[in-house]
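In what follows, a single structure is set out as structure tokens and then discussed.
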Amino acid sequence: MDEVEGDPLAVSDQAGTIVRVDAGRTGLVWAVDASGRLRQVTLGPGGTGRSPDVPVHLYPLAYPTFGEEPLREPALRVTHADGVTSTRLRVTSVTSAPVDGHARCGDLVHRVALVDRAAPLGVDLVVRTWPCHDLLEQWVEVRNAGDGAVQLHAAAAFAPTFAGSDPHLTHWGGGWAAEWTETTERLSPGTKVVASAGGVRPSLHRAPVVHLAPDGRASETEGSVAAVAVAWGGDVRFDAEVALHGQQRLVVGHQHVGAERRLDPGGSFESPHVLWTWSDAGTGPASRSLQRFVREEVVRDGARPRAVVANTWEAVGFALHPDRLATQIDRAAEIGAELFLLDDGWFGVDHPRDDDTTGLGDWEVDRRKLPDGLGPLVDRTLAAGMRFGLWVEPEMVNPASRLYAEHPDWVIGEPGRDRRTERSQLVLDLCRPEVRRFVVDTVGRILTEHPGISYLKWDANRDLTEPGSSAVPADRQSHLAVDRVRATWAVMAEIAERHPDVELMLCASGGGRSDPGTLRWFHELWTSDDTDPVDRVRIQWGASHLLPANVLGAHVTRWGQRPLAFACAVAMSGRFGFDLDLDALSPDDLALCRRATDDYSAIRDLVQQGDHHRLVSPVGSDRCAVGYTDPRTGDGVVFLFRLAEGADGDEPEPPPVRVPWLDPHGDRAAIDRTPGGDHAALTVTGGRVAWPTGPAPCATVLHIPAVAPDR
Ligand code: DGJ
């Protein structure tokens, strides 16, 4: 038996228990030492056991607690009812159970129950395996089983350690119109914290995913890497620690600073769920696992093809006029759009929504702009063979609104403090049941009055400041950070449940809500307000580290004044659509858009459902190549982008791009589907495709079907 530290009587009846968690490529092994502490023995693939030479108690703690391991970042920090601040957990039981309805891959839920050595505090570490996706879902449940209140300062969802000598962390962020800006850095001793902020649009600032490569920077195809995402609609936090002797640990969960919780007797807290996957073959397989998981297990109706959307925001903004909109609808149908989306500006009676300073909260049609209401627009859209979608921002209110005049207490704010507006608006307090009811009923009324609406774009355009709720007692205002997310989710869930046939797009000033928690009630999201296609190549590249292309709204606009053909090509590598004044397009440009839509329909399944391969990175370069393939058929499509002229200086022209799923010794027939191109039939030789040669920015879209196309 291993040596028991401290009290020799504290020998655990769980000592020696091994917990093997196996999700194919991703796994871990925990072991209980003689004193009942849970240790992490291995992490990664083939976690089959421990070295017989190393006693269990020398492995790192699986879930470090404050006061237990003084030189490491704690995952759990609690002040117990008696004022004690240290926690030492010992295992009391381990269970593993199959997941109902998921027998196909042998999915299991492992639950390790721990209690503090003295205080009546229970902590369950829960791991749900997703072997079909090589992925683990992990979370923590904390319970106060005593009769005094406990203060919970931090409770991470998981805190694994990594073995390696050259840790690199990759994370994404950047702000409005700069989402998914990639940073990779070598970690040095200390703790690198990356976290989101603002509460409502967190992923505008920091995407809820990181890569940790413990033993040297990983490429797309080589190196070991853990890809870790948090399914949480609020602020998230990743603490990447390099401690003594180079020991690495990642502590992941919601942002706990400012979100402390009081657990009353019998009270409990469940952390957000973390999704993570391990790859020994670079970042590509890790991203494909996360993408597939989001598509198949998270978003609604993930296998359903996403429609080609024509949106009004970049076309006409707030200046809505029935005749102008009728023309936009007709043109949208001409270019093959399948869904017409009426964005902001259609509502507000006493305070018409002529700009972003008024009207939010008053969800009635502005009859000055649309005298006959939405009906004629919906009818015209349906008659043209398209679906109709509508923009809402139901969690917000402008002070210049009837709603605010009637219910000034329905907003997030703090007594005796200014109500600071951002974008001239305030956040509704969804912790109040009557406010939740108002939002659910408002959306319900709009949809009931207009049964032709089958799509809503759900926007949210400000952060939390002065974060207080009149629904929460004064001594637990810090609960708001978590409770507001849960309340928002409850509203979203109810709306999704009541209107199962209405597709929902998630938007928050662009990609401010790009998390696999909130996406559960949505079909897709608006990736970024930055639609300059040169920037979009990098943004969509970044987003692919978590999200599949079928959720990444990508619209052709005039941002950046790039060639229309290039803008079409970039949008075709996501969920294709348009956001431009279609009436201002020349006949040639309309024809180009129509042709791009037709080409997109030929490759839509590949882009939206295929395996995604990042081939050449645009990060720090002016070229990018990505491909999508159906592994069952061998069908594929490759996008190559040159982003700037002369970008490579005097460098020789880079070689053609190797397409990993093609035979390097064979020839394949292909169709050039580059927008504005001649649709030539081509032959791809040696599994390599050439870069476009026109003036940059320019693109090639090459469709390489498994079966040779008719010539
Ligand atoms: C922010 C969104 O990101 C835009 O697409 C647009 O819907 C505006 N809001 C409308 O106010």
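Ligands are counted one by one from 1 in listed order, and the atoms in each one are counted from 1 as well. Not measured: the values here are computed from a predicted model.
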Within 4.0 Å of some non-hydrogen atom of Gly510, the atoms of ligand 1 are 3 (O)
**Message:** Is it the case that the ring center of Trp391 lies less than 6.0 angstrom away from the ring center of Trp346?
**Reply:** no
Could you tell me whether Asp418 atom CG has more than 12 heavy atoms of other residues or ligands within 6.0 Å of it?
no
- Message: Check this for me: Gln561, atom CD, are more than 12 non-hydrogen atoms of other residues, nucleotides or ligands nearer than 6.0 Å?
- Response: yes
For Cys507, the atoms of ligand 1 under 4.0 Å from one of its heavy atoms are 2 (C), 3 (O)
message = Under a 4.0 Å threshold between the charged nitrogen and the carboxylate oxygen, would Asp343 count as salt-bridged to Lys457?
response = yes
Under 4.0 Å between a side-chain nitrogen and a carboxylate oxygen: does that hold for Arg206 and Asp235? no
Atoms of ligand 1 under 4.0 Å from any heavy atom of Asp343, numbered from 1 in the order shown, are 6 (C), 7 (O), 10 (C)
among protein heavy atoms, the one nearest atom 11 (O) of ligand 1 is Asp344 OD2, 2.6 Å
Numbered in order shown, the ligand 1 atoms found under 4.0 Å of a heavy atom of Trp526 are 3 (O), 5 (O)
The side chain to side chain donor-acceptor pair (under 3.5 Å) partner of Gln328 among Thr312, Asp581, Thr381 is Asp581
Between ligand 1 and Arg423, can you find any atom pair, the residue atom being a heavy atom, that is separated by under 4.0 Å? yes
Quiz item: Is the closest heavy atom of Lys457 to ligand 1 under 4.0 Å?
Solution: yes
When distances are taken from atom 3 (O) of ligand 1, the protein heavy atom at minimum range is Asp529 OD1, 2.5 Å
Among Asp459, Val392, Thr527, the residue with a heavy atom nearest to atom 2 (C) of ligand 1 is Asp459
Practice problem: Measure the distances from the heavy atoms of Asp356 to every atom of ligand 1 and state whether one is below 4.0 angstrom. | Solution: no
Closest heavy-atom pair, Pro371 versus Pro322, reported as atoms and distance to 0.1 Å, is CD-CG, 4.0 Å
